[in-house]
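This is a predicted model, so every value here is computed, not measured.
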Amino acid sequence: MTSIGTGYDLSVSTYSPDGRVFQVEYAQKAVDNSGTAIGLRVKDGVVLAVEKIKHSRLLVPDSNRRIMTAGRHIGVASAGWMSDTRHLVQRTRDEARNYHDVYKADIPAKIIAERMGMYIQAYTLYSAVRPFGVSTILASVDADGPQLYMIEPSGQYVGYHGCAAGKGKQVAKTEIEKLKLSEMTAREAVKEAARIIYTAHDESKDKLFELELSWVCDESNGRHTRVPQDLVDEAIQHAERSLDEDDDDEMDDDEE
């Protein structure tokens, strides 16, 4: 049974006869058209990486960041509409601050993911609003250790060892599944995250992009910070070498 084009996509509060909410699916499509964002949960922390597409050479480098800090121990990476991301990050900050004011402690990752999931899901219930066109990846370290959650436009939130969103998510997921994340350190994960973003990048469609990297780990004293620039440069060199090696292997296979 199909409901496309029959009016069931005019309101987010209307189900189609086959149980679909088209407005939520459209929001997910906005995410899938965005640059790739990934999160890697390793033994001593969490690493976030984003492929920020540059639509013009006139853009100021390092502006309009897609990885933001929502609390001293919480990092948020996004794929989708940037304006929606800013709104959700501000909401995350408010939730973290309110929890700290009441309980005098940092908010656990599971609770902030649950609260944000409920908030996002509320925007799928009423015809007067639209779903958020963004998937957010939450990285944190709390009393239970490193935590990684992804919240989708439907409001569903799931804990992951590694996750990906955006146009290159399928390639990224394939590469993440090859990693032994439980044995990796955050420093090693930074290099792998850069390699995965470069592998998932579609050179034919988006030639210009900027790699964003951040982490929350033992080396950052449990705080969400940007990865030091010297390590970023090293990670980019590692990613470019890996791509060159893959190209050489493909050429050798063709010759055979």
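- Using modelled atom types and a 3.5 Å distance limit, the side chains of S11 and S127 yield no donor-acceptor pair.
- Every side chain to side chain contact (heavy atoms under 4.5 Å, CB included) that Q23 has, sequence neighbours left out, goes to V12, Y26, P131.
- The hydrophobic cluster around V31 extends to none of the other residues, as no ILVMFWY side-chain heavy atom falls under 4.5 Å of it.
- Residues satisfying the salt bridge (Lys or Arg N to Asp or Glu O under 4.0 Å) test with E114, not counting sequence neighbours, are none.
- Residue E210 forms a salt bridge (Lys or Arg N to Asp or Glu O under 4.0 Å) with just one option from K52, R65, R66, and that option is K52.
- Shown here are the side chain to side chain contact (heavy atoms under 4.5 Å, CB included) partners of R93, two or more places apart in sequence or in another chain: M68, A70, V89, Q90.
- In this structure, the salt bridge (Lys or Arg N to Asp or Glu O under 4.0 Å) partners of D32, at least two apart in sequence or on a different chain, are K169.
- Listed by chain and number, the hydrophobic cluster partners of L58 come to none, as no ILVMFWY side chain reaches under 4.5 Å of it.
- In the hydrophobic clustering (ILVMFWY side chains linked at under 4.5 Å, chained through shared members), L10 stands by itself.
- Test T69, D62, V232, I67 against R226 for side-chain contact (heavy atoms from CB on, under 4.5 Å) and you get one pass: D62.
- Identified under the ring pair (Phe, Tyr, Trp, His ring centres under 6.0 Å) test for residues 222-242, with sequence neighbours left out: none.
- Judged as a side chain to side chain contact (heavy atoms under 4.5 Å, CB included), and not counting sequence neighbours, the contacts of L125 are Q121.
- Here the closest heavy-atom approach between residue L138 and residue I74 is recorded as CD2-CG2, 4.5 Å.
- Shown here are the ring pair (Phe, Tyr, Trp, His ring centres under 6.0 Å) partners of Y160, two or more places apart in sequence or in another chain: there are none.
- Every side chain to side chain contact (heavy atoms under 4.5 Å, CB included) that K178 has, sequence neighbours left out, goes to T174, E175.
- A salt bridge between D218 and R187 is absent, with no side-chain N of the basic residue lying under 4.0 Å from a carboxylate O of the acidic one.
- With sequence neighbours excluded, the residues forming a side-chain hydrogen bond (donor to acceptor under 3.5 Å, both in side chains) with Q229 are D233, listed by chain and number.
- At a cut-off of 3.5 Å, with distance as the only test, a side-chain donor of S16 or D18 sits close to an acceptor on the other residue.
- With contacts defined as side-chain heavy-atom distances shorter than 4.5 Å, the pair W215/P228 qualifies.
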